[in-house]
**Student:** 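Dropping the structure in here first, questions after.
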Amino acid sequence: MSTSDESPDPAETSEEQLDLARSLFARANRSADARAALRASYPSAPEAMIDTASFHIYVDGVDAALEFLADAELALREPGHRPNVGIAYELLYHLYNWLQFEALLPDGQQDVVDLTAELRKAAKEKDWETVSSLIEELGDVISGSRSAPEIP
């Protein structure tokens with residue numbers, strides 16, 4: 001589904017979407033193709049971010065989406081089968097990390113600016129526990145590998 005400020009989806013029907021999904025799963029070099037496509041879309045991104053985005057979208061993310069859909073179908077076919085929260089969380093994890101990557105590039109750098117300011121303040125106050133924690137968080141933001149927020 002597209003929003004008003006985006007171009008229309010290339011696949012408007014469920015059948016077109018299913019055909020595209022089948023093509024994605026059938027790609028022999030999905031990971032390499034993903035890295036090349038992301039590199040073309042984000043030429044200034046560090047290689048580590050390209051690898052992370054490729055993993056979350058096109059490698060484990062695709063597999064997690066398929067597992068989620070298969071589990072949803074099983075919930076319809078098998079009485080008593082409830083959709084698996086762990087499977088849903090796995091998909092959410094990959095989607096969340098893609099959103100983190102997208103937020104950082106090409107120009108969404110506010111998280112980095114904010115974390116750097118917090119890091120400077122903690123260092124000035126010699127709060128080494130906070131400094132250590134912020135360094136970890138900054139690394140996660142830059143590499144695009146933050147954990148999804150907890151959902152109650």
**Student:** Please report the interatomic distance CD1(Ile87) to CG(Asp71), rounded to the nearest 0.5 Å.
**Tutor:**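 Rounded to the nearest 0.5 Å, the CD1-CG separation comes to 4.0 Å.
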**Student:** Do you know the tightest heavy-atom contact between Phe25 and Asp63?
**Tutor:**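 Taking Phe25 first and Asp63 second, the nearest heavy atoms are CE2-OD1, 4.3 Å.
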**Student:** Any link between Leu138 and Trp128 through a network of hydrophobic side chains (Ile, Leu, Val, Met, Phe, Trp, Tyr) touching at under 4.5 Å?
**Tutor:**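 Yes, Leu138 and Trp128 fall within the same hydrophobic cluster.
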**Student:** Taking side chain as C-beta onward, heavy atoms only, is Arg30 less than 4.5 Å from Val62?
**Tutor:**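 The answer is yes, as the side chains (C-beta and beyond) meet within the 4.5 Å cut-off.
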**Student:** Does atom CD of Glu78 have more than 12 heavy-atom neighbours from other groups under 6.0 Å away?
**Tutor:**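 Above 12, so yes.
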**Student:** Could you tell me whether the side chain of Glu137 and the main chain of Ser133 form a donor-acceptor pair under 3.5 Å?
**Tutor:**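 The answer is no, because no donor-acceptor pair under 3.5 Å joins these two groups.
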**Student:** Go through the steps to decide whether Leu115 and Leu119 satisfy the test side chain to side chain contact (heavy atoms under 4.5 Å, CB included), and finish with yes or no.
**Tutor:** CA-CA 6 Å; Leu115 284 170; Leu119 188 55; over 6 Å; no
**Student:** I'd like to know if the side chain of Ser54 reaches the main chain of Ile50, judged simply by a donor and an acceptor atom lying under 3.5 Å from each other, with no hydrogens or angles considered.
**Tutor:**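 A pair under 3.5 Å: no.
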**Student:** Do Thr52 and Asn97 have side-chain heavy atoms sitting under 4.5 Å apart?
**Tutor:**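 No; the side chains remain at least 4.5 Å from each other.
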**Student:** Determine, using ring centers only, whether Tyr93 and His56 are less than 6.0 Å apart.
**Tutor:**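 Yes: the rings meet the under 6.0 Å criterion.
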**Student:** Would you check if Leu20 and Leu24 make a side-chain contact, meaning some heavy-atom pair closer than 4.5 Å?
**Tutor:**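 No, every pair of side-chain atoms sits at 4.5 Å or beyond.
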**Student:** Might you point out which heavy atoms bring Val131 and Ala123 nearest each other, and give the distance in Å?
**Tutor:**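 Minimum heavy-atom separation between Val131 and Ala123: CG2-N, 3.6 Å.
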**Student:** Do Met49 and Ile135 share a hydrophobic cluster, counting only Ile, Leu, Val, Met, Phe, Trp and Tyr and linking them when any side-chain heavy atoms are less than 4.5 Å apart?
**Tutor:**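 Yes, one cluster joins them.
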**Student:** Side-chain contact test, heavy atoms from C-beta onward, threshold under 4.5 Å: evaluate it for Leu91 versus Leu95 and give yes or no.
**Tutor:**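 Yes. Closest side-chain heavy atoms under 4.5 Å.
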**Student:** Considering residues, nucleotides and ligands other than Glu129, do more than 12 of their heavy atoms fall under 6.0 Å from its CD?
**Tutor:**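 No, the 6.0 Å shell around CD holds no more than 12 heavy atoms from other groups.
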**Student:** Measure the spacing between CD of Glu16 and OG1 of Thr13 and express it to the nearest 0.5 Å.
**Tutor:**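 Reported value, rounded in 0.5 Å steps: 3.5 Å.
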**Student:** Please determine, by modelled atom types, if Arg35 and Ser31 share a side-chain donor-acceptor pair under 3.5 angstrom.
**Tutor:**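 Per modelled atom types, Arg35 and Ser31 side chains form a pair under 3.5 Å.
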**Student:** For His81 and Leu76: C-alpha separation, side-chain torsions, deciding distance, then whether side chain to side chain contact (heavy atoms under 4.5 Å, CB included) applies.
**Tutor:** CA-CA 8 Å; His81 180 91; Leu76 295 175; over 6 Å; no
**Student:** If two hydrophobic side chains count as joined below 4.5 Å and joins carry through other members, does Ile57 share a cluster with Leu99?
**Tutor:**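 Linked, Ile57 and Leu99 end up in one cluster.
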**Student:** Could you tell me the separation between the CG atom of Leu134 and the NZ atom of Lys121, rounded to the nearest 0.5 Å?
**Tutor:**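 If we round to the nearest 0.5 Å, Leu134:CG and Lys121:NZ are 10.5 Å apart.
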**Student:** Would you say that Phe55 contacts His94 through its side chain, given a criterion of any heavy-atom pair below 4.5 Å between the two side chains?
**Tutor:**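 Heavy-atom side-chain distance check passes, below 4.5 Å.
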**Student:** How about Arg39: does its CZ atom have over 12 heavy atoms from other parts shown lying under 6.0 Å from it?
**Tutor:**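 Yes - once you tally the heavy atoms of other residues, nucleotides and ligands closer than 6.0 Å, there are more than 12.
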**Student:** Would Arg27 and Ser23 count as a side chain to side chain donor-acceptor pair (under 3.5 Å) here? Give the steps.
**Tutor:** CA-CA 6 Å; Arg27 282 184 178 270; Ser23 294; over 6 Å; no
**Student:** Side-chain heavy atoms under 4.5 angstrom apart, residues restricted to Ile, Leu, Val, Met, Phe, Trp, Tyr: same cluster for Tyr58 and Leu66?
**Tutor:**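 Both belong to a single hydrophobic cluster.
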**Student:** Between Arg22 and Glu15, is there a salt bridge with N-O shorter than 4.0 Å?
**Tutor:**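 Judged by the 4.0 Å cut-off on N to carboxylate O distance, Glu15 and Arg22 do form a salt bridge.
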**Student:** Any donor and acceptor pair, going by atom type alone, linking the side chain of Asn29 with main-chain N or O of Ala32 inside 3.5 Å?
**Tutor:**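 Not a single qualifying donor-acceptor pair exists.
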